[in-house]
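Notes to accompany the following structure.
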2 protein chains.
Amino acid sequence: LISVKGITKIYQVGVQEIRAVAGVDLQVQNNEYLSIMGPSGSGKSTLMNILGCLDTPTSGSYSLNGEEVSGLRDDELAFIRNKEIGFVFQTFNLLPRASALQNVELPLIYGGVPSDERRERAGKALDSVGLADRASHRPSELSGGQRQRVAIARALVNNPSIILADEPTGNLDSSTGNEIMDIFKEIHSGGNTIIMVTHEEYIAEHSKRIVRLLDGLISSDKQVVNN
Amino acid sequence: LISVKGITKIYQVGVQEIRAVAGVDLQVQNNEYLSIMGPSGSGKSTLMNILGCLDTPTSGSYSLNGEEVSGLRDDELAFIRNKEIGFVFQTFNLLPRASALQNVELPLIYGGVPSDERRERAGKALDSVGLADRASHRPSELSGGQRQRVAIARALVNNPSIILADEPTGNLDSSTGNEIMDIFKEIHSGGNTIIMVTHEEYIAEHSKRIVRLLDGLISSDKQVVNN
Ligand SMILES: Nc1ncnc2c1ncn2[C@@H]1O[C@H](COP(=O)(O)OP(=O)(O)OP(=O)(O)O)[C@@H](O)[C@H]1O
Ligand SMILES: Nc1ncnc2c1ncn2[C@@H]1O[C@H](COP(=O)(O)OP(=O)(O)OP(=O)(O)O)[C@@H](O)[C@H]1O
Ligand SMILES: [Mg+2]
Ligand SMILES: [Mg+2]
């Protein structure tokens with residue numbers, strides 16, 4: 001269970017103050033599948049970074065599985081991130097000098113998984129996103145959508161209980177995007193929680209609940225009725 | 001007029017040979033507005049890079065305004081690029097240490113435009129994409145969609161005769177995406193040529209012709225009838 005109350009994130013740039021997240025209350029149950037939508041600049045990635053323990057709020061409280069994470073040390077936050085949360089970044093954040101396979105292995109390296117098992121699990125994750133034949137290629141040798149799929153494989157490889165996916169299909173054609181949604185549906189059926197940001201309504205309708213942000217605040221929060 | 005015949009681009013990665021563009025013939029008249037669509041990995045960005053003189057084909061010929069550009073030196077290619085072509089990259093390619101305004105000024109700096117004029121024109125270009133109030137911010141202080149809009153402003157600032165836009169709206173909500181399409185329509189009405197890659201059908205339908213790629217080859221080339 002994720003429970004945030006009164007979360008704000010305020011950036012100070014010179015004399016300008018930007019209220020990226022302006023007071024958000026949000027609860028996400030275990031095994032929920034929700035999408036976050038909203039205009040460019042409305043605070044989606046900022047909120048995702050806070051939910052994923054990659055950033056801390058300016059104010060407000062965040063309880064993850066009953067534990068207040070606002071007060072944790074960096075190493076404790078990193079432990080939770082690596083163990084509980086898989087993240088697909090809007091900008092992919094792949095290591096440019098590592099191969100696709102090595103990029104996907106990363107969460108397993110942090111998790112202390114032995115080399116043979118690591119290689120096998122990373123290979124399977126790449127296969128699940130249709131890139132088994134490109135495992136030895138570096139990000140610069142892959143198309144935009146292929147890089148995105150490597151990022152997705154890396155988020156999935158250690159089967160985290162929570163997947164946070166920021167625009168996971170933005171660079172994918174609709175057929176490949178639907179294939180990724182099938183993977184997410186399977187993960188969700190397995191008990192995991194998925195929170196994704198998307199600009200595409202047809203992608204959001206794969207989830208079960210859509211939360212809309214506007215100027216750093218939640219403007220609506222509705223179940224998806226066709227699904 | 002752009003005329004390419006028998007264009008191939010073959011990458012060699014270890015023992016693997018990847019035919020990113022496998023034999024493309026394409027003609028684009030002045031003042032045309034066309035979209036290129038196709039699955040992830042089908043060769044769209046590779047073709048765009050060739051059309052934009054950012055890369056050279058493995059084989060084939062490319063005639064730009066009656067001049068065979070295959071045989072030009074790098075400085076001659078760079079001259080054509082800077083003078084004729086504005087490019088929106090799939091990965092934005094913004095300078096991380098420069099402000100939004102400085103990023104947009106870049107084509108004008110290369111073009112030898114004086115400082116005051118440069119600043120004014122860059123400011124107007126940023127205003128046209130709704131980011132006048134963020135001119136002093138660096139890319140890391142901007143959202144994904146805001147960075148994309150800076151990239152679009154930079155492509156437009158010296159009013160190039162050809163705009164090549166690789167996924168210009170992939171990180172934008174549909175409302176902001178439609179605003180960008182309005183800008184492109186205005187540019188097209190002014191006589192410029194636009195070639196854009198997009199995965200979004202509703203974006204492609206703003207153009208007048210859709211070319212579809214599949215496995216490095218053109219699979220269809222049709223006028224858009226509703227527009
Ligand atoms: N520098 C490179 N070295 C090796 N292979 C490459 C390189 N650049 C692209 N490729 C490969 O060439 C093929 C076409 O790539 P391209 O980037 O043109 O695809 P795309 O249609 O733009 O895909 P997307 O929709 O995912 O952006 C892909 O299989 C890609 O992996
Ligand atoms: N590091 C930062 N410093 C200053 N301002 C920031 C920073 N990161 C984000 N912002 C600003 O905070 C606001 C929200 O940004 P955020 O990235 O959360 O938006 P978003 O909803 O993800 O947008 P997009 O759809 O464009 O990706 C924006 O105005 C953005 O410019
Ligand atoms: Mg974002
Ligand atoms: Mg591409």
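These figures come from a predicted structure and were not determined experimentally. Protein chains get the first letters and strands the later ones, always in sequence-line order, with residue 1 at the start of each.
To the nearest 0.5 Å, the span separating CG on Leu142(B) from OG on Ser45(A) amounts to 12.0 Å. In this structure, Asp173(B) CG and Arg212(A) CZ are separated by 11.0 Å, a value rounded to the nearest 0.5 Å. To the nearest 0.5 Å, the span separating NE2 on His199(B) from CD on Glu200(A) amounts to 9.0 Å.
For chain B, the nearby part of Ser143(A) is the side chain; its heavy atoms alone come within less than 4.5 Å. Neither the backbone nor the side chain of Ser175(A) has a heavy atom closer than 4.5 Å to any heavy atom of chain B. Residue Glu141(A) touches chain B through its side chain alone, counting heavy-atom pairs closer than 4.5 Å.
No more than 12 heavy atoms of other residues, nucleotides or ligands lie within 6.0 Å of CZ in Arg119(A), so this atom counts as exposed by the packing criterion. A 6.0 Å sphere centred on CG of Asp74(A) holds no more than 12 heavy atoms belonging to other residues, nucleotides or ligands. Around atom CG of Asp116(B), no more than 12 heavy atoms belonging to other residues, nucleotides or ligands sit under 6.0 Å away. Sparse packing is recorded around CG of Asp215(B), with 12 or fewer heavy atoms of other residues, nucleotides or ligands lying under 6.0 Å away. In this structure, Tyr110(B) places its OH atom where only 12 or fewer heavy-atom neighbours from other residues, nucleotides or ligands lie under 6.0 Å away.
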Distance-only check: which donor-acceptor pairs under 3.5 Å involve side-chain atoms of residues 12-21 of chain B, not counting sequence neighbours?
residue	atom	partner	partner atom	Å
Gln16(B)	OE1	His137(A)	NE2	2.8
Gln16(B)	NE2	Asp133(A)	O	3.0

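Glu167(A) and Asn171(B) share no donor-acceptor pair across their side chains, judged by distance under 3.5 Å alone.
Per-residue heavy-atom pair counts under 4.5 Å with chain A were compared for Gln90(B), Gln148(B), Arg138(B), Arg147(B), and the maximum is reached by Gln90(B).
In this structure, Ser40(A) and Arg149(B) approach most closely via the heavy-atom pair OG-NH2, 3.1 Å.
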